[in-house]
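Down below is the structure, laid out as structure tokens.
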2 protein chains.
Amino acid sequence: MKKEKKAPVCEVEIVDEKKVAQAQKKIADTDQVLEMAEIFKLLGEPTRLKIVLSLINSELCVCDLAAAVDSNVSTVSHQLRLLRNARLVKYRKDGKMVFYSIDDKHINDAIEKIKEHTEE
Amino acid sequence: MKKEKKAPVCEVEIVDEKKVAQAQKKIADTDQVLEMAEIFKLLGEPTRLKIVLSLINSELCVCDLAAAVDSNVSTVSHQLRLLRNARLVKYRKDGKMVFYSIDDKHINDAIEKIKEHTEE
DNA sequence: CATACATTTGAACAAATGTGCAAGTGTTTG
DNA sequence: CAAACACTTGCACATTTGTTCAAATGTATG
């Protein structure tokens, strides 16, 4: 009745193989999981989240954005680059000014859901 | 026609006061913004996101969770503590085993939205 | 074309964070 | 009650990350 020797800390053995397999299917697409994590991470930093929230109503130039989130232009510009790279925001140039806005409405929806979560 | 001396880098001046004020209203509730950022940050780390995704279908014990996300029990336990503290997951004890599950459906919805974003 | 200005970028640094090991806790079971 | 086991926790370490300063880029304008 005794099985092989068991690992000292549950590391190899699986208790419920079916549920594990089911869970693994949920995270099978590694690239997608990483991409989702990337987006959550970007929204998970106060300055960046404030930037995104500030842009929900209307586009803003970098200068006004810095004023809105109470930071400075350099910091905001650095963070905007990250948001840009991940396509969370897009921009429009007008002379020497650059206006940023939100790139995708799903972001708004996701933010709304998390907001609901915090409002309980 | 000249105004006072302007700051060398746009730091004090505001271009569109109305839009800035509107944006600031969006982020006026600092505590809520920080709480939202906290949740996004938690979901923004691959191991933790995998844990949460794994729990969407059914509760899992720590051991199976570690197997599912291809990590080890210690790491998973550390991350579960963070998820627990933020009330993203809850747990149920059964003998020496502990079963974790998702604490709030808003999380699922938010994840779904971000997933849609990545699927374009 | 020189100056002013909005924005971007690079470098440097402190602070935060994820991971793994080893030891600790608590529960079952022979 | 001792051994086995699932899980948690403290510590240490390497890595990542957000911010700031200073310099660079690009655009308008007198």
Side-chain angles (χ1 to χ4, degrees), chain A residues 1-16 20 34 37-38 40-51 59-67 69-86 89 91-100, chain B residues 1-16 20 34 37-38 40-51 59-67 69-86 89 91-100:
Chain A
M1 194 190 185
K2 263 234 159 88
K3 277 185 75 176
E4 285 287 314
K5 195 176 60 175
K6 259 204 167 180
V9 171
C10 175
E11 203 160 8
V12 184
E13 303 290 340
I14 291 177
V15 177
D16 188 331
V20 171
L34 292 180
E38 184 61 26
F40 280 127
K41 177 188 279 180
L42 286 167
L43 297 175
E45 200 280 321
T47 303
R48 281 193 302 262
L49 182 58
K50 285 183 203 165
I51 290 173
E59 63 174 17
L60 285 171
C61 67
V62 179
C63 178
D64 282 358
L65 217 27
V69 306
D70 192 32
S71 181
N72 62 71
V73 173
S74 175
T75 298
V76 168
S77 184
H78 274 298
Q79 303 295 15
L80 281 170
R81 182 165 57 84
L82 299 177
L83 294 171
R84 235 190 298 135
N85 289 346
V89 304
Y91 65 97
R92 168 177 81 80
K93 286 194 173 183
D94 184 5
K96 57 188 170 183
M97 301 184 55
V98 181
F99 291 92
Y100 282 86
Chain B
M1 197 190 183
K2 261 229 162 99
K3 277 184 73 175
E4 285 286 316
K5 196 177 58 174
K6 257 205 168 177
V9 172
C10 175
E11 202 160 8
V12 184
E13 303 290 342
I14 291 178
V15 177
D16 188 330
V20 171
L34 292 180
E38 183 61 27
F40 280 126
K41 178 187 277 180
L42 287 167
L43 296 176
E45 202 279 321
T47 304
R48 281 193 301 261
L49 182 57
K50 284 184 204 166
I51 290 173
E59 64 174 18
L60 285 171
C61 66
V62 178
C63 178
D64 281 358
L65 217 27
V69 306
D70 193 32
S71 181
N72 62 71
V73 173
S74 174
T75 297
V76 168
S77 184
H78 275 299
Q79 304 294 16
L80 281 170
R81 183 165 56 86
L82 300 178
L83 294 171
R84 237 190 296 134
N85 289 346
V89 303
Y91 64 97
R92 169 176 81 79
K93 286 194 172 185
D94 183 5
K96 57 187 168 184
M97 300 183 55
V98 181
F99 291 92
Y100 281 87

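Just so you know, these numbers use all the heavy atoms, side chains as well, and skip hydrogens, waters and symmetry mates. Please read these numbers as outputs of a predicted model, since none were measured by experiment. Letters go in sequence order (proteins before strands), and every chain restarts at 1.
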Exercise. Give the rounded distance in Å between these two atoms: CG of B/Leu65 and P of D/dC7.
Key: 9 Å

Practice problem: To the nearest 0.5 Å, tell me how far B/Leu43 CG sits from B/Leu83 CG. | Solution: 7.5 Å

Quiz item: Separation of B/Ile51 atom CD1 from D/dC7 atom P, in whole Å?
Solution: 13 Å

Quiz item: Does A/Arg84 have any side chain to side chain donor-acceptor pair (under 3.5 Å) partners at least two apart in sequence or in another chain, and if so, which?
Solution: A/Tyr100

Practice problem: Assign a letter to each nucleotide of nucleotides 9-20 of chain D from its 5' end: B, base within under 4.0 Å of a protein heavy atom; S, sugar-phosphate only; -, no contact. | Solution: BB------SSSB

Self-check item: Under 3.5 Å donor-acceptor, B/Asp94 side chain and B/Met97 backbone
Solution: no

Quiz item: Whole-Å distance between C/dA6 P and A/Lys96 NZ?
Solution: 6 Å

Exercise. Verify, without hydrogens or angle tests, whether A/Arg48 (side chain) and A/Gln79 (backbone) share a donor-acceptor contact under 3.5 angstrom.
Key: no

Quiz item: In whole angstrom, what separates B/Arg92's CZ from D/dA6's P?
Solution: 16 Å

Exercise. Give one of base, sugar-phosphate or nothing for B/Tyr100, where a contact means two heavy atoms less than 4.0 Å apart.
Key: sugar-phosphate

Quiz item: Side chains of B/Leu65 and B/Leu80: does their closest heavy-atom pair fall under 4.5 Å?
Solution: yes

Exercise. Calculate the interatomic distance between B/Leu83 atom CG and C/dT17 atom P; express it in whole Å.
Key: 14 Å

Self-check item: Pairwise 5' ranking along DNA chain D for A/Lys93 and B/Cys61, keeping only the more 5' one
Solution: B/Cys61

Self-check item: For atom CG of B/Leu60 and atom P of D/dC7, their distance in whole Å
Solution: 10 Å

Quiz item: How many Å lie between CG on B/Asn85 and P on D/dT8, as a whole number?
Solution: 12 Å

Quiz item: Which residues satisfy the side chain to side chain donor-acceptor pair (under 3.5 Å) test with A/Arg92, sequence neighbours excluded?
Solution: A/Glu59

